[in-house]
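Down below is the structure, laid out as structure tokens.
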Amino acid sequence: MWFDSWSDLTRILLIGPSAYVALVLMLRITGGRTLAQLNAFDMIVTVALGSVLATILLSSTVSYSEGVLALAVLVALQYVVTWASTRARFVQDAVRNEPALLYSGGFLHDRMRRERVTQDELRQVARSQGHASLEEDVRAVVLETDGTFSVLTSAPTSLDVPPEPAQP
């Protein structure tokens, strides 16, 4: 449990830096967009890259060449998908969500239900970004494509929509 063998430790010391360098080189070649995490798809790829790197380091059943090939496949797939999404709308629609306006001078209940967000969660988001009250300090709250929330203190421009009708 605490120690298996010196050969396992030596393997990690040899494979670790070389797998790390291989991943860094691949990311440098494909550009910063590979790890940008602009949407859920990007986050999944980033987590998968970390998982593959950990497997290369810790699993003696996976050879270095198999692990580097797995990293290369993930990086290449991410590159192809992001390249295609800038050229084909249907690819972009398949891998990217649209930002969702959840609060604009009032709670947009239908959108909040669709995104599975409660009023208390929106209030928490506002407080975490230094706003005492949604009603007094905040003009809009947007659920971004990467799953984060943007709290706007001035009126939104491209996302500005009329408020929803009052709930019965």
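- Ring planes of Phe107 and His109: tilted class, angle from 30 to 60°.
- Remark: Arg11 does not engage Asp8 in a salt bridge, criterion side-chain N to carboxylate O under 4.0 Å.
- Looking at Leu27, Thr55, Leu49 one by one, the single match for side-chain contact (heavy atoms from CB on, under 4.5 Å) with Leu71 turns out to be Leu49.
- Within a 6.0 Å sphere centred on CZ of Arg28, heavy atoms belonging to other residues, nucleotides or ligands number 12 at most.
- In this structure, Ala140 and Leu101 approach most closely via the heavy-atom pair CB-CD1, 3.8 Å.
- Rounding to the nearest 0.5 angstrom, the gap separating the CD atom in Gln129 from the CG atom in Leu152 is 9.0 Å.
- No continuous path of hydrophobic side-chain contacts links Tyr79 to Val52 [ILVMFWY only; heavy atoms under 4.5 Å].
- Linking Ile, Leu, Val, Met, Phe, Trp and Tyr residues whenever their side-chain heavy atoms come within less than 4.5 Å leaves Val75 and Val91 in two separate clusters.
- Without hydrogens or angle criteria, Thr148 side chain to Glu144 main chain gives no donor-acceptor distance under 3.5 Å.
- Contact of the Thr46 side chain with the Gln78 side chain is not registered, since no non-hydrogen atoms from C-beta on lie closer than 4.5 Å.
- The two residues Val151 and His131 make their nearest non-hydrogen contact at CG1-CD2, 3.5 Å.
- The hydrophobic cluster analysis finds Ile29 isolated: no Ile, Leu, Val, Met, Phe, Trp or Tyr side chain comes under 4.5 Å of it, directly or through other members.
- With contacts defined as side-chain heavy-atom distances shorter than 4.5 Å, the pair Ile12/Leu58 qualifies.
- Criterion: ILVMFWY side-chain heavy atoms under 4.5 Å apart, direct or through other members. Under it, Leu53 and Leu77 are not part of a common hydrophobic cluster.
- Within 6.0 Å of CZ in Phe3 there are more than 12 heavy atoms belonging to other residues, nucleotides or ligands.
- Looking at residues two or more places apart in sequence or on another chain, you find a side-chain contact (heavy atoms from CB on, under 4.5 Å) between Asp93 and Arg89.
- Tyr64 and Ile15 make their closest contact through CB-CD1, 3.7 Å (heavy atoms, listed as atom of the first residue, atom of the second, distance).
- Judged as a salt bridge (Lys or Arg N to Asp or Glu O under 4.0 Å), the pairs with a partner in residues 126-135 (not counting sequence neighbours) are, in order, Arg123-Glu135.
- When hydrophobic clusters are built by joining Ile, Leu, Val, Met, Phe, Trp and Tyr residues whose side-chain heavy atoms come closer than 4.5 Å, directly or via intermediates, Val45 is not grouped with Val73.
- Judged by distance alone, the side chain of Ser51 and the main-chain N or O of Val47 form no donor-acceptor pair under 3.5 Å.
- Met26 has its side chain within reach of Val68: a pair of non-hydrogen atoms, C-beta onward, lies under 4.5 Å apart.
- The shortest non-hydrogen separation linking Tyr103 to Leu134 is OH-O, 3.4 Å.
- Atom CG of Leu13 and atom CG of Leu57 lie 10.0 Å apart (nearest 0.5 Å).
- Connection of Leu23 to Val62 is not established within any shared hydrophobic cluster, with ILVMFWY side chains joined at heavy-atom distances below 4.5 Å, either directly or through further cluster members.
- Summarising the geometry of Leu102 relative to Glu115, their closest heavy-atom pair is CD2-CG, 4.0 Å, with the distance given to 0.1 Å.
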